[in-house]
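The structure under discussion appears below in the form of structure tokens.
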Amino acid sequence: MTTTSTQAISEALHWRYATKRFDRTRKIPAATWACLEEALVLAPSSFGMQPWRFVVVTDPAMRERLSAAANGQTQPVECSHFVVFAARKGLDGADIERHLARIAEVRAVPAASLKGFGDVLSGFTEHARRQGTLDGWCARQAYIALGQFMAAAALLGVDACPMEGIDPAKFDEILGLPAKGYGAVCACAAGYRATDDKYAQLPKVRFRAQDVILRA
Ligand SMILES: Cc1cc2nc3c(=O)[nH]c(=O)nc-3n(C[C@H](O)[C@H](O)[C@H](O)COP(=O)(O)O)c2cc1C
């Protein structure tokens with residue numbers, strides 16, 4: 001594996017910021033975007049369940065509607081690529097079966113050898129369902145993908161804006177997500193900052209490392 005340098009990572013993480021205004025004229029090159037999609041696909045999730053869908057919205061009219069459903073924020077229309085992170089609603093046995101079948105296929109193992117794992121998954125998700133926490137658990141997985149996507153974008157010199165200031169119900173309706181069994185959780189605009197985005201110049205506000213990193 002080729003590793004990157006501590007300096008490269010530090011520079012990218014300081015360089016990135018939640019971009020408010022994108023340069024409409026600049027589009028992410030196909031190879032760069034393919035890498036960012038790979039970052040989404042390769043995101044880790046609890047038990048590897050991947051209870052998500054990433055909707056890459058290209059249709060301009062749809063992007064206008066999503067902007068309106070995001071409190072009028074302009075990122076959905078101005079950015080190069082707009083991704084909606086959707087999480088599975090009401091995850092069930094079929095999701096578990098699909099996951100197990102994929103493991104058997106990719107790792108070339110007999111499905112029967114995965115029965116124990118399947119039982120663990122069924123037990124865990126059934127418990128979460130009874131507790132009313134299952135959909136929230138799926139939504140949290142989507143945020144892991146969001147974080148990985150943003151970090152990858154920064155390393156590639158692509159600007160991004162994570163967005164939770166959206167109306168999930170309206171996003172769901174616009175994208176037809178409920179019929180697919182998914183619900184919008186958050187979104188991310190990606191592209192290149194506009195030269196006049198004043199947020200790019202603001203110093204980053206973070207608590208001191210010693211206040212947030214505890215040592216035990
Ligand atoms: C989950 C999440 C949701 C966010 N939602 C929005 C949003 O809807 N609109 C926006 O302009 N910024 C949004 N932000 C950006 C944050 O305000 C920003 O990341 C934070 O102030 C730190 O600044 P920085 O990312 O520029 O370093 C969101 C960030 C996160 C992580």
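Order of appearance sets the numbers: ligands from 1, and atoms from 1 within every ligand. Both backbone and side-chain heavy atoms feed into the values below; hydrogens, waters and symmetry mates do not.
Within the 4.0 Å heavy-atom criterion, the part of C161 lying near ligand 1 is the side chain and not the backbone. With a 4.0 Å cut-off on non-hydrogen atoms, R206 touches ligand 1 through its side chain and not its backbone.
Taking each heavy atom of A190 and C79 in turn, the nearest pair found is O-CB, 3.4 Å. The minimum heavy-atom distance linking S122 with T125 is given by the pair O-OG1, 3.3 Å.
In this structure, R63 forms no cation-pi arrangement with F82, as its terminal cationic atom is not both closer than 6.0 Å to the ring centre and no more than 45° off the ring axis.
In this structure the side chain of V55 never reaches within 4.5 angstrom of the side chain of Y182, judged on heavy atoms.
Residue-ligand proximity, Q75 to ligand 1, at heavy-atom distances under 4.0 Å covers atoms 11 (O).
Checking atom 25 (O) of ligand 1 against the protein gives a heavy-atom contact under 4.0 Å. In this structure, atom 5 (N) of ligand 1 is in close contact with the protein, since a protein heavy atom lies within 4.0 Å of it. Note that atom 20 (C) of ligand 1 has no protein non-hydrogen atoms nearby, at separations under 4.0 angstrom.
Of the polar atoms of K204, at least one N or O is found under 3.5 Å from an N or O of ligand 1, judged by distance alone. When only interatomic distances are considered, the shortest N/O to N/O separation between L146 and ligand 1 does not fall below 3.5 Å. At least one N or O atom of E164 sits closer than 3.5 Å to an N or O atom of ligand 1. Of the polar atoms of M150, none of the N or O atoms is found under 3.5 Å from an N or O of ligand 1, judged by distance alone.
One distance of note links CZ of R98 with CD1 of I103; it measures 13.0 Å at 0.5 Å rounding. Note that the CD1 atom of I9 and the NE2 atom of H14 stand 12.0 Å from one another [nearest 0.5 Å].
Of the possible polar contacts, one joining the Q50 side chain to the G48 backbone as a donor-acceptor pair under 3.5 Å is found.
Note: F85 and F54 meet the aromatic proximity criterion, with ring centroids under 6.0 Å apart.
Across R16, Q73, M163, heavy-atom proximity to atom 10 (C) of ligand 1 is greatest for Q73.
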